[in-house]
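To start, the structure under review is shown below, and the notes come after it.
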Amino acid sequence: MSNQFSLKGKVALITGAAYGIGFAIASALANAGAQIVFNDRHKESLEKGLDSYRKAGIDAKGFVCDVTDETGVNEMVAQIEKQVGIIDILVNNAGIIKRIPMTEMSAADFRQVVDIDLTGPFIVSKAVIPGMINKGHGKIINLCSMMSELGRETVSAYAASKGGLKMLTRNICSEYGKYNIQCNGLGPGYIATPQTVPLRERQPDGSRHPFDSFIIAKTPAARWGSPEDLQGPVVFLASDASNFVNGHILYVDGGILAYIGKQP
Ligand code: NAP
Ligand code: GCO
């Protein structure tokens with residue numbers, strides 16, 4: 001049974017994994033035996049990420065690459081296949097959010113979020129699928145979100161992107177399942193990373209951020225998630241243990257989607 005969760009001999013590409021959720025996911029896949037490759041759009045972040053992996057005892061390979069740059073992504077994948085091997089596992093993790101009321105958001109800002117959070121996973125998945133087909137297997141894991149299911153004020157572009165990513169996940173499942181490629185989503189709840197600092201930093205008077213209190217009340221576990229909470233679920237989705245799981249969004253949210261919220 002334990003061998004089903006082994007990733008020994010597998011090559012895993014995690015996008016945007018210099019820090020945050022991507023780094024935690026890459027660390028878990030490495031601990032399960034995978035060879036880690038990651039990218040970041042900035043050389044400075046990449047170097048810091050490589051240093052973090054070294055300190056964690058992980059021999060990761062890094063590439064400067066923006067997931068919205070199709071030519072750059074194709075070149076990166078070709079380099080990985082030449083230097084490391086065909087990619088067995090792709091985690092589409094790279095993503096941004098812009099919290100702006102929709103009527104105040106420019107079309108350019110909206111397009112940038114969609115380009116990174118939805119078109120990026122399309123571009124990278126399109127680049128790695130041919131190798132997976134040739135190899136006879138593959139795992140694609142897309143970082144979805146509570147916003148794949150729910151809306152909230154100020155995150156129109158992000159919710160539209162993450163809702164689209166849920167359906168891109170199901171479409172890759174539908175189109176490439178016959179090649180033994182499984183494409184699933186990982187849907188974190190509210191996780192303490194740089195992306196959510198603005199939602200939970202202490203107020204000037206030292207009190208909790210209102211959104212922090214809101215999320216605590218909306219989560220049965222009554223806490224924010226940590227990137228480490230995602231490590232077991234992602235190893236499951238990346239391993240042979242999930243070979244008949246396809247097109248599924250695995251929510252790791254402490255129960256938020258099941259809960260009406262704590263009575264005030
Ligand atoms: P984060 O701390 O902001 O990290 C995002 C990563 O993506 C950074 O390494 C960033 O690199 C990289 N990135 C951004 N745009 C890129 C691009 N165009 N090309 C390549 N890399 C790019 O975010 P996070 O909290 O770890 O979230 C990671 C993923 O999980 C995202 O898809 C996010 O939507 C999703 N998610 C997060 C939460 C949460 O509560 N934190 C919950 C659900 C889903 P730079 O240094 O270049 O910015
Ligand atoms: C927000 C948060 C969320 C989380 C995550 C929840 O502003 O609501 O950033 O979007 O990042 O996506 O699953």
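Fair warning: this is a prediction, and the values are worked out from it, not measured in the lab. We count ligands from 1, going down the list as the structure has it; atoms in each ligand are counted the same way.
For atom 46 (O) of ligand 1, the closest heavy atom belonging to the protein is Tyr19 OH, 3.0 Å. The nearest protein atom to atom 3 (C) of ligand 2, hydrogens excluded, is given as Tyr190 CE2, 3.4 Å; this is a heavy-atom distance. Scanning the protein heavy atoms around atom 40 (O) of ligand 1, the nearest turns out to be Ile191 N, 2.9 Å. Of the protein's non-hydrogen atoms, the one nearest atom 5 (C) of ligand 2 is Ser145 OG, 3.6 Å. If you check which protein heavy atom lies closest to atom 38 (C) of ligand 1, you get Ile21 CD1, 3.8 Å. Atom 36 (N) of ligand 1 has as its closest protein heavy atom Tyr158 OH, 3.6 Å. For atom 3 (O) of ligand 1, the closest non-hydrogen atom of the protein is Gln195 CB, 3.6 Å. Closest to atom 42 (C) of ligand 1, if we only count protein heavy atoms, is Gly189 O, 3.1 Å. At the top of the distance list for atom 6 (C) of ligand 1, counting protein heavy atoms only, stands Gly16 O, 3.4 Å. In this structure, the protein non-hydrogen atom closest to atom 48 (O) of ligand 1 is Arg41 NH2, 3.1 Å. Ranking protein heavy atoms by distance to atom 9 (O) of ligand 2, first place goes to Arg99 NH2, 2.7 Å. When only non-hydrogen protein atoms are considered, atom 10 (O) of ligand 2 lies nearest to Tyr158 CE2, 3.2 Å. Protein heavy atom nearest atom 6 (C) of ligand 2, with residue, atom name and distance: Gly189 O, 3.3 Å.
We find the OG-CG distance between Ser145 and Leu186 to be 11.0 Å, quoted to the nearest 0.5 Å. Once rounded to the nearest 0.5 Å, the distance linking NZ of Lys162 with CG of Leu143 reads 6.0 Å. Here the CD1 atom belonging to Ile21 is positioned 8.0 Å from the OG1 atom belonging to Thr196, to the nearest 0.5 angstrom. Rounding to the nearest 0.5 Å places CE of Met146 at 4.0 Å from CG of Leu257. In this structure, the separation between OG on Ser27 and CD1 on Ile36 is 7.5 Å, given to the nearest 0.5 Å. Note that the CG atom of Asp109 and the CD1 atom of Ile100 stand 4.5 Å from one another [nearest 0.5 Å].
Not a single heavy atom of Thr15 lies less than 4.0 angstrom from ligand 1.
The side chain of Lys162, and not its backbone, has at least one atom closer than 4.0 Å to an atom of ligand 1 (non-hydrogen atoms only; side chain from C-beta on). Here Cys144 has backbone heavy atoms under 4.0 Å from ligand 1, and that is the only part of it that gets that close. With a 4.0 Å cut-off on non-hydrogen atoms, Ile97 touches ligand 2 through its side chain and not its backbone. Looking at Ala94 against ligand 1, both its backbone and its side chain come within 4.0 Å, counting heavy atoms. Using a 4.0 Å cut-off between heavy atoms, Gln195 contacts ligand 2 through its side chain alone, with no backbone atom that close. Using a 4.0 Å cut-off between heavy atoms, Leu199 contacts ligand 2 through its side chain alone, with no backbone atom that close. Only the side chain of Ile116 comes within 4.0 Å of ligand 1, counting heavy atoms alone; its backbone N, CA, C and O stay farther away. With a 4.0 Å cut-off on non-hydrogen atoms, Thr193 touches ligand 1 through its side chain and not its backbone. Of all the heavy atoms of Ile97, none lies under 4.0 Å from any atom of ligand 1, so neither backbone nor side chain is involved. For Asp66, heavy-atom contacts with ligand 1 shorter than 4.0 Å involve the backbone as well as the side chain. If you look at Pro227 next to ligand 1, there are no close heavy atoms at all, none under 4.0 Å.
The Thr196 neighbourhood of ligand 1 comprises atoms 39 (C), 40 (O), 41 (N), with distances under 4.0 Å to a heavy atom of that residue. Set against the non-hydrogen atoms of Asn39, the atoms of ligand 1 under 4.0 Å away are 20 (C). When each atom of ligand 1 is checked for a heavy atom of Pro188 under 4.0 Å away, the hits are 42 (C), 43 (C), 44 (C). Under a 4.0 Å criterion applied to the non-hydrogen atoms of Asp40, ligand 1 contributes the atoms 9 (O), 11 (O), 45 (P), 46 (O), 47 (O). Applying the 4.0 Å criterion to heavy atoms of His42 picks out, from ligand 1, the atoms 47 (O). Ligand-side atoms of ligand 1 in range of Cys65: 19 (N), 20 (C), range being under 4.0 angstrom from any heavy atom.
At least one side-chain heavy atom of Trp224 sits under 4.5 Å from a side-chain heavy atom of Ile216. The shortest side-chain heavy-atom distance between Val245 and Asn184 falls under the 4.5 Å cut-off.
A pairwise comparison of heavy atoms in Gly16 and Asn93 identifies O-ND2, 3.0 Å as the closest pair. For the residue pair Ala28 and Val234, the shortest heavy atom distance occurs at CB-CG1, 4.3 Å. Of all the heavy atoms in Leu90 and Met132, the pair that sits closest is N-CE, 4.0 Å. Heavy atoms only, all atoms of each residue included: Asp229 and Val252 are closest at O-CG1, 3.6 Å. Closest approach of Val77 and Ile87 over heavy atoms only: CG1-CD1, 4.2 Å.
Remark: the Gln112 side chain and the Lys98 side chain contain an N/O donor-acceptor pair separated by less than 3.5 Å.
For the residues Gly20, Gly225, Gly95, the heavy atom positioned nearest atom 5 (C) of ligand 1 is part of Gly95.
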* Evaluate side-chain hydrogen bond (donor to acceptor under 3.5 Å, both in side chains) for Lys166 paired with Asn142, printing each intermediate quantity in order. => CA-CA 8 Å; Lys166 173 173 73 173; Asn142 293 323; over 6 Å; no

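Checked against a 3.5 angstrom limit, the closest N/O atoms of Thr196 and ligand 2 fall outside it. Considering backbone and side-chain N/O atoms, Met147 never comes within less than 3.5 Å of an N/O atom of ligand 2.
Dense packing is recorded around CZ of Arg208, with more than 12 heavy atoms of other residues, nucleotides or ligands lying under 6.0 Å away.
Each of Tyr19, Tyr53, Phe23 was checked for a ring-ring contact (aromatic ring centres under 6.0 Å, His included) with Phe38, and the lone residue meeting it is Tyr53.
Ionic pairing of Glu44 and Lys48 is not present here: no N-O contact between side-chain nitrogen and carboxylate oxygen is shorter than 4.0 angstrom.
Ring pair Tyr190/Phe211 is tilted by interplanar angle, where 30° to 60° counts as tilted.
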